[in-house]
Structures are given as C-alpha cells and as structure tokens.
Asker: 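The structure follows.
In this chain, residues are counted from 1 in sequence order.
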Amino acid sequence: MLGSSSSVYGAHAQAPFRETARIDSPESPYAASKVASEVLARTFHNLYGIEVAALRFFTVYGPRQRPDLAIHKFSRRMLAGQPLPLFGDGSTRRDYTYVEDILAGVLASLSVALPRHEIVNLGGAQTTSLRELIGLLEEALGVRADLDVQPAQMGDMPLTSADVTHAGKVLGYAPRTPLREGIKRFADWIRGEGRDWV
C-alpha cells in the first residue's frame, strides 16, 4: 500500500478528480514527490510484479492531526485568541476526509483482492471553501476567528474534489462522516488537550 495524495492532480484537473486524470503538472514539491512515488511504485510493479495499491488521500483530518495542518493550526490559534492567517480570499475549496473514513479505505485495500496495481481516491466526496471551514470551526469551538488576510500562497491548489466511484466499486468505500460532525469531534478532542494552545 502506498499513501499518495490528492495534490498529484495539480491545479487544472477537472472536478471531481478521477484516477484516470493526468498527473504531470504538480503544483508544489510535495505534490511532485507524491507523483514520483506513484511512478516508482508502478515501475517496481512492472519490473518485479510487486502488488501496489496507491491510495490518494484527500485532506485528512481528525483527532491527533499533525499540528502544522490547517484544521489543527487554525483551532489552536482561535482558542489562543491569536490572529488567523487567511491566505487569499477564502474561496479555495478542499475535499476534507475524516480520519476514520480514510482508515476504513486503507483497511479495505489490505483485505480486498485487488489487481496487482491499483490507484484509488479516498476522499469525502464533498468540497468546502476555506471560509466555510472557518465558520464550522467557530461554531464547534465557540470562538470567533480574528482573520489576518494575506496574499494567496504559491503552489496552493484552488480545489480538491474526489470522485470516489472507483473506491466504492473496488473497496466498498463510502465516506460516512459529514464535515460538521468531524469538526465537532476534532473540537472535542482539542479542548481536552489543555490550555497551552500555541
């Protein structure tokens, strides 16, 4: 199993992103590294017959999320009463996927008979704008965000959007956690982490 990323699709893929789309225009070094890992996996499959399921994760979040990722970082800053950097106008959209849904897809890929090389999207199958996300965090955390609007970041994708039709067919995958519910669970977890938010 190879953990890949929605970032491989680049900024010009047609939504929703399908596994058959071209991935030759990554927007960042991270995206390029994920494209390279998929190419290497395919090469090892072709040369040595190694079985590989490349799972493209779409913006995974949930309790114990890395603190440098948006939902975690935003929550800590909001709870600490610190300004929240908003890069761009807040219209970028992401397909957020709750960690338990991702885990269900990963476990299915290990237990379902797949072809010897398979690429599968694991996403939430619904997009949410950055401003909508901040609104959900405000609701779940019970605090208002103090927005510090800044220019858009280079290499930031304007949209991620998962077509999970293939995942449903080969893995029986279906995301089950709506973003509002997942954010509530995350908020409950981070509140239990203590007062030193930043």
Asker: Between R56 and S4, is there a side-chain heavy-atom distance shorter than 4.5 Å?
Answerer: yes
Asker: Rounded to the nearest 0.5 Å, how far does CD of E118 lie from CG of L2?
Answerer: 13.0 Å
Asker: To the nearest 0.5 angstrom, please state how far the OG1 atom of T43 sits from the CD1 atom of I50.
Answerer: 10.5 Å
Asker: Could you tell me if the side chain of K184 sits less than 4.5 Å from the side chain of E139, heavy atoms only?
Answerer: no
Asker: Quick check: closest heavy atoms across G105 and L171, and the distance to 0.1 Å?
Answerer: O-CD1, 3.8 Å
Asker: Which heavy atom of E38 sits nearest a heavy atom of V8, and at what distance?
Answerer: OE2-CG1, 4.0 Å
Asker: Looking only at non-hydrogen atoms, find the nearest pair between L122 and L55 and report the distance.
Answerer: CD1-CD1, 4.0 Å
Asker: Determine whether a donor-acceptor pair (N or O, by modelled atom type, separation under 3.5 Å) exists between the side chain of R131 and the backbone of D89.
Answerer: yes
Asker: Give a yes or no on whether V164 and I102 share a hydrophobic cluster (residues Ile, Leu, Val, Met, Phe, Trp, Tyr; joining criterion: side-chain heavy atoms under 4.5 Å apart).
Answerer: yes
Asker: Measuring from M1:CE to L107:CG, what's the distance to the nearest 0.5 Å?
Answerer: 9.0 Å
Asker: Find out whether M157 and S7 are in side-chain contact, i.e. whether some heavy atom of one side chain is under 4.5 Å from a heavy atom of the other.
Answerer: yes
Asker: Can you check whether T160's main-chain N or O pairs, donor with acceptor, with D95's side chain at less than 3.5 Å?
Answerer: no
Asker: Go through the steps for I190 and H72 under the test side chain to side chain contact (heavy atoms under 4.5 Å, CB included), then give the verdict.
Answerer: CA-CA 8 Å; I190 200 168; H72 195 149; 3.9 Å; yes
Asker: Find the distance between CD1 (I134) and OG1 (T128) and round it off to the nearest 0.5 Å.
Answerer: 12.0 Å
Asker: Are F58 and Y96, when compared by the centres of their aromatic rings, separated by less than 6.0 Å?
Answerer: no
Asker: Show your reasoning for whether salt bridge (charged side-chain N to carboxylate O under 4.0 Å, His left out) applies to E181 and R185.
Answerer: CA-CA 6 Å; E181 174 60 26; R185 294 180 196 173; 3.1 Å; yes
Asker: Are L79 and F74 connected in the hydrophobic side-chain network, where two residues link if heavy atoms are under 4.5 Å apart?
Answerer: yes
Asker: What heavy-atom pair brings G3 and K34 nearest, and what distance separates the two atoms?
Answerer: O-NZ, 2.9 Å
Asker: Answer yes if L147 and I71 sit in the same cluster of Ile, Leu, Val, Met, Phe, Trp and Tyr residues linked by side chain heavy atoms under 4.5 Å apart, and no otherwise.
Answerer: yes
Asker: Going by heavy atoms in the side chains, are Q65 and V99 under 4.5 Å from each other?
Answerer: no
Asker: Using 0.5 Å steps for rounding, measure from the CZ atom of R76 to the CG atom of L84.
Answerer: 14.0 Å
Asker: Whether the side chain of R116 engages the backbone of H45 through a donor-acceptor N/O pair (distance < 3.5 Å, no angle test) should be reported.
Answerer: no
Asker: Which heavy atom of F87 sits nearest to which heavy atom of Q150, and what is that distance?
Answerer: CE2-OE1, 3.1 Å
Asker: With distance as the sole test, does D163 use its side chain to make a donor-acceptor pair with the main-chain N or O of P16 at under 3.5 Å?
Answerer: no
Asker: If you compare all heavy atoms of P63 against all heavy atoms of W189, which two are closest, and at what distance to 0.1 Å?
Answerer: CB-CG, 3.6 Å
Asker: Side-chain donor-acceptor pairs under 3.5 Å in residues 23-30, sequence neighbours left out?
Answerer:
from: D24; atom 1: OD2; to: R22; atom 2: NE; distance (Å): 3.1
from: D24; atom 1: OD2; to: R22; atom 2: NH2; distance (Å): 2.3
from: S28; atom 1: OG; to: A31; atom 2: N; distance (Å): 3.1

Asker: Quick one: do V170 and L110 end up in the same hydrophobic cluster if we chain Ile, Leu, Val, Met, Phe, Trp and Tyr together by side-chain heavy atoms under 4.5 Å apart?
Answerer: yes
Asker: Going hydrophobic residue to hydrophobic residue with side-chain gaps under 4.5 angstrom, can you get from V35 over to L40?
Answerer: no
Asker: Could you note down all residue pairs passing ring pair (Phe, Tyr, Trp, His ring centres under 6.0 Å) where residues 155-183 supplies at least one of them, sequence neighbours left out?
Answerer: none
Asker: Would you call E19 and Y9 a side-chain contact if the rule is heavy atoms closer than 4.5 Å?
Answerer: yes
Asker: Rounded to the nearest 0.5 Å, what's the gap from CZ on R77 to CG on L137? Could you check?
Answerer: 14.0 Å
Asker: Using side chain to side chain contact (heavy atoms under 4.5 Å, CB included) as the criterion, point out the one residue from T177, L133, D188 that pairs with I183.
Answerer: L133
Asker: State whether Y61 and R94 meet the cation-pi test: NZ (Lys) or CZ (Arg) under 6.0 Å from the six-membered ring centroid, and within 45° of the perpendicular axis.
Answerer: no
